[in-house]
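Working notes, structure below.
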Amino acid sequence: MVEWVSRWRWWCEARERETNERGWKKRNKRQIIKFNRTAAKHIRNVVLHYISSHRFVLLLKHIVLSTALNDSLSLMAEETPIRFGILGCADIARKLSRAIKLAPNAAIHAIGSRSVQKAREYAESNGYPPSTKIYGSYEEVLDDPDVDAVYIPLPTVLHLRYAVLAAEKKKHVLLEKPVAPNVAELDKILEACEANGVQFMDSTMWMHHPRTAKMKEFLSDPQRFGHLQIVSALQSNLIIVG
């Protein structure tokens with residue numbers, strides 16, 4: 001389910017870029033409705049594709065394993081924190097870097113960029129520990145034997161290359177969303193992680209947030225909530241036309 005949402009978001013972003021490139025800066029209500037209907041049809045096709053193929057089973061296995069991995073990593077962290085290597089200096093990595101620093105069971109061990117200077121400046125501006133190793137390439141991070149897992153916030157077109165390479169280097173993979181530009185590349189990433197015995201996770205925090213566990217606990221308690229029979233959800237998107 002995490003991947004379906006990521007794919008839908010990627011598709012919507014691609015459509016938005018296409019719209020901007022064609023100069024459609026002003027869209028009336030009829031165009032917006034048409035866009036949303038097309039997006040709904042697309043995500044429906046993606047869901048049906050997964051249900052009708054072996055990919056659904058493989059993907060579900062990785063989602064279930066992520067919970068088990070969290071438990072095992074917590075036990076490991078009682079002795080040694082999980083050492084993360086970060087590929088790239090993307091803005092979105094700032095928030096996750098802060099989360100890693102605050103987590104008692106994780107540590108930032110290395111960061112790599114296309115230049116040592118850029119990686120060093122990024123590490124300093126985000127308060128990385130002085131012990132953080134600075135590398136002038138992504139490959140150097142993956143070659144570091146002390147890196148346990150890598151966070152990859154690189155452009156989506158680079159995910160296949162570096163996620164597969166990380167798996168081959170026996171590094172667990174935390175991949176920023178959207179995880180891949182198409183289903184075929186996602187399959188290759190999952191297969192590489194499976195073949196090398198490493199964990200793949202989509203960087204979607206909601207499923208792992210303590211608030212989500214509390215919501216589940218509350219809704220599962222018949223004394224406090226009652227017997228849940230149906231759930232209805234509504235999502236809205238704000239589109240600014242100017």
- Task: Please examine the side chains of I152 and H159, heavy atoms only from C-beta on, and report whether any two atoms are closer than 4.5 Å.
- Result: yes
- Which heavy atom in S113 sits nearest to a heavy atom in A119, and how many Å separate them? CB-CB, 3.8 Å
- Heavy-atom closest pair, residues D144 and K133: OD2-CD, 3.3 Å
- Query: Going by heavy atoms in the side chains, are L96 and L174 under 4.5 Å from each other?
  - Reply: yes
- Query: If you look at every heavy atom in Y122 and A93, which pair is closest and at what distance?
  - Reply: OH-CB, 3.3 Å
- Query: If we only count heavy atoms from C-beta on, is the I86 to Y128 side-chain gap below 4.5 Å?
  - Reply: yes
- Taking atom CZ of R224 as the centre, does the number of heavy atoms from other residues, nucleotides or ligands within less than 6.0 Å exceed 12? yes
- Query: What are the two closest heavy atoms between E140 and G136, and how far apart are they?
  - Reply: OE1-N, 3.2 Å
- Passes side chain to side chain contact (heavy atoms under 4.5 Å, CB included), Y138 versus L154? Steps please. CA-CA 10 Å; Y138 308 138; L154 298 173; 3.6 Å; yes
- Message: For D143 and Y135, which I'm curious about, is there any donor-acceptor pair between the side chains at under 3.5 Å?
- Response: no
- Query: Would one find more than 12 heavy atoms of other residues, nucleotides or ligands at under 6.0 Å from atom NZ of K95?
  - Reply: no
- Message: Please tell me whether S203 and Y151 have a donor and an acceptor in their side chains that are separated by less than 3.5 angstrom.
- Response: no
- Task: Please report the shortest heavy-atom distance between A180 and T156, naming the atom on each side.
- Result: C-CG2, 3.6 Å
- Compare every heavy atom of A163 with every heavy atom of V173, then report the nearest pair and how far apart it is. CG2-O, 3.9 Å
- May I have the step-by-step check of salt bridge (charged side-chain N to carboxylate O under 4.0 Å, His left out) for E139 and R161, ending in yes or no? CA-CA 11 Å; E139 288 80 4; R161 175 182 176 182; 3.4 Å; yes
- Item | Cluster overlap L102 with I92, hydrophobic side-chain contacts below 4.5 Å | no
- Message: Quick check for you: to the nearest 0.5 Å, what is the distance between K171 atom NZ and D148 atom CG?
- Response: 7.5 Å
- Query: Should I189 and V179 count as side-chain neighbours, where that means a heavy-atom distance under 4.5 Å?
  - Reply: no
- Message: So V147 and K169, do their side chains get closer than 4.5 Å, heavy atoms only?
- Response: no
- Message: Would you say that S125 contacts R94 through its side chain, given a criterion of any heavy-atom pair below 4.5 Å between the two side chains?
- Response: yes
- Item | Value rounded to 0.5 Å, distance of CD in E176 from CE in M201 | 12.0 Å
